[in-house]
Number of protein chains: 2
Amino acid sequence: MDRQSVTAEDVARHVGVSRSTVSRAFSADRLVKKVTRKKILKAAEELGYQPNALAQALISRRSQIVGIVMGELNNPFHAILHGALTSSLQANGYIPMTAQLGPDKSITDAVSMFRQYQVGAVLLTSMVVTQSMIAACRKAGLLVALLNRIDEEDLAASVCADLEQGGMLAAEHIISRSPSRIAIIEGHEKSWTAKARLAGHLAGLQRAGITPVWVLPGDYTYKAGAVAADVLFSDGPRPDAVICANDLTAMGLMDTARSKYGLRIPNDFAVIGFDDIPMAEWDCFDLTTVRLPVNRMIERTTDLVDRMMAEPTQVSEKTWVPCRLVMRGTT
Amino acid sequence: MDRQSVTAEDVARHVGVSRSTVSRAFSADRLVKKVTRKKILKAAEELGYQPNALAQALISRRSQIVGIVMGELNNPFHAILHGALTSSLQANGYIPMTAQLGPDKSITDAVSMFRQYQVGAVLLTSMVVTQSMIAACRKAGLLVALLNRIDEEDLAASVCADLEQGGMLAAEHIISRSPSRIAIIEGHEKSWTAKARLAGHLAGLQRAGITPVWVLPGDYTYKAGAVAADVLFSDGPRPDAVICANDLTAMGLMDTARSKYGLRIPNDFAVIGFDDIPMAEWDCFDLTTVRLPVNRMIERTTDLVDRMMAEPTQVSEKTWVPCRLVMRGTT
DNA sequence: CTGAAAGCGCTTACAG
DNA sequence: CTGAAAGCGCTTACAG
């Protein structure tokens, strides 16, 4: 089965030019007589010619493949971010190559896969991004950027929602409901984003001179919210407002509070989430939350990739995109 | 920045053999003296050599890249299936290259991207898979297989959950609750899976001599369930059991039934879903549903890819994996 | 079991 | 503006 049957040679012969010229005709910025280019493009179309990307990448030592390192896809927010990212990359002519980290897939494996395919730039979007992951990429000569997290050591570029600002928004909104006992449920302990969100939450409260009564650990899951509910509602004084690290946790909290403790929301306590995943809008939650600006984050990321691919030098710029409050029925 | 600094040539020189031998040492089935191979692999390790996959693919006219065509990632089930698929493919040495169909990304674009990268096999997993999509792939010389759908015209191989059997399971279970008025909410009208599910539902009912009172259109979304609730519960006789094309739709139905019509589940009516997405287990739904055998589907798919890549001839075998009932509180 | 040689399909200085 | 030539890093008959 001869798939790549038609090559630049065929087109060249058909038009009566050299392979070099065909090659140039396909590269936007190279000089070719307008008429010639048009003829070549027409012939290519007719013959069904498409440049072999493998050969292109081999000779130019750089492919259009962009590596994406991500964690598991079980958080709906991650799925959405990832979907938006790959779409946007593709729309801009890049080929996303995703490495999903997991028990049998380390960053080393991912880097090795990327190197084998001459990937130029790598986007790190897994929940946990350590300095050693960045180092592993850099060492292999890969340009790296972080999406939805910030590299505080400035070794990589970053595009991130302004999570501290978003966290403050959440805190301020909760305060406007004048609660007397506030609880916070944190995100994953190893996650940079969890720290940033918490910092925002605390800063917002502090600004109003308020200290949370509870700051409970969590890990961004539904389960974490359910567990926290048991701590908060089983006995003793209860919170009348709970700030959650993300929507999933808020949902777990709400569910357990209602089904197990018979509480009503927002009557018995107010809740606010973070992310604005599609389920936040569902009737059973109707969750007030902080929306991450997914589209703008993706735009900026694609921009960044454009620049990294155009001039292959590591940049370490940081881009912050503000979050906004989405008010619903739980506050 | 010289990324691909160390080549087979370097390793060859280092060990004192030819490039050919280095190449052979990296290919499992080629004959090389054991000692030689060992030396080469050791040197490669030391020098940090990795074969350039681009060059390999170029010369052997086949890359390890597997194309995946999918729709939007907004249905949690699709996200999970896709995550499991890419993981498994990677664990088996393939590189998944995903093309997300959408307003600005047609199957033609996807095929063209795959061809440029000498992709050998393509997996079609988008919700809507038409014969013309299969034809487009075949025409470009791509081997194609369908995941979670069946090609009834036998032009492609298929791995699919046995949706009819699953649908029957749902129907039988609902019948065991002896309802008197059953409603069915369908999936997306253009989707093969929706037809299969419905066929199963109807067959199960028919076997017991039961005809559904309502068969409402849907599209697999939460919204579809909410809309159906208005039809079913606003006035006139109400169903006491609703069979939904998927979990998302069941959730929309439940939410609206409760919040807008004050109904209780399963007291006022029973509901059953399909898929068993993680949210089905949540307290607020506790949804009885039919679980798709994701892991086994993925195993079979990876097997199939192995065979397609090993011997590049289009097969058209069909693999069915049975579904099973997951009983929870809504029935 | 191993090496020399040809060649995959392309790009890019170098001349003209 | 265009062509001839070299070369990206690899695999694979072909000889030995």
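Please read all numbers here as calculations on a predicted model, not as lab measurements. Below, chain A is the first sequence line, B the second, and so on; all start at residue 1.
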Heteroatom pairs (N/O) under 3.5 angstrom, protein to nucleotides 3-6 of chain C:
unit_1 : atom_1 : unit_2  : atom_2 : d
C:dG3  : OP2    : B:Ser18 : N      : 2.9
C:dG3  : OP2    : B:Ser18 : OG     : 3.0
C:dG3  : OP2    : B:Thr21 : OG1    : 2.5
C:dG3  : N7     : B:Arg24 : NH1    : 3.4
C:dG3  : O6     : B:Arg24 : NH2    : 2.5
C:dA4  : N7     : B:Ser20 : OG     : 3.4
C:dA4  : N6     : B:Ser20 : OG     : 2.8

Between CZ of B:Arg149 and CH2 of B:Trp192, what distance do you get to the nearest 0.5 Å?
8.0 Å
Take atom CD of A:Glu9 and atom P of C:dC10, then tell me their distance rounded to the nearest Å.
10 Å
Checking side chain to side chain contact (heavy atoms under 4.5 Å, CB included) against A:Leu47, which of A:Val11, A:Thr7, A:Val15 comes through?
A:Val11
Heavy atom of residues 32-42 of chain B under 4.0 Å from DNA chain D: which residues?
none
So CD of A:Glu299 and CG of A:Asn92: to nearest 0.5 Å the spacing works out to 10.0 Å
Distance, rounded to the nearest Å, where A:Asp10 contributes CG and C:dC8 contributes C1'
14 Å
Would you say B:Arg300 has more than 12 foreign heavy atoms packed within less than 6.0 Å of its CZ?
no
Looking at residues at least two apart in the chain, or sitting in another chain, which of them share a ring pair (Phe, Tyr, Trp, His ring centres under 6.0 Å) with A:Phe26?
A:Tyr49
Below 4.0 Å: OP1/OP2 of D:dC10 and any side-chain N or O of B:Tyr49
yes
Side chain to side chain contact (heavy atoms under 4.5 Å, CB included) with B:Ala145: which residues, sequence neighbours excluded?
B:Leu123, B:Ala157, B:Leu304, B:Met308
Atom-to-atom span, CG of B:Leu58 to P of C:dG9 - whole angstrom:
7 Å
With a 3.5 Å cut-off and no angle check, do the side chains of A:Ser18 and A:Thr21 form a donor-acceptor pair?
yes
Test applied, side chain to side chain contact (heavy atoms under 4.5 Å, CB included); reference residue, A:Gln100; option that passes from A:Val69, A:Leu73, A:Ile68:
A:Leu73
To the nearest Å, give me how far apart CG (B:Asn52) and P (C:dC8) are.
18 Å
Against the side chain of A:Gln56, the closest entry in D:dT12, C:dC10, D:dG9 is C:dC10
Nearest of C:dG9, D:dG9, D:dT11 to any side-chain atom of A:Arg61?
D:dG9
Quick one: stems involving DNA chain C, counted as three or more successive Watson-Crick or G-U pairs, both distances short of 3.5 Å.
C:1-3 with D:14-16, C:5-12 with D:5-12, C:14-16 with D:1-3
Judged by modelled atom types alone, do B:Thr86 and A:Thr98 share a side-chain donor-acceptor pair under 3.5 Å?
no
Specify the separation, in whole Å, of atom CD of A:Gln118 and atom C1' of C:dT11.
14 Å
Using a cut-off of 6.0 Å, state whether more than 12 heavy atoms not belonging to A:Lys39 lie near its atom NZ.
no
Residues at least two apart in sequence or cross-chain that pass side chain to side chain contact (heavy atoms under 4.5 Å, CB included) with B:Asp151, listed by chain then number, are B:Gln131, B:Ile134, B:Leu146, B:Glu153, B:Leu155, B:Ala156, B:Ser158
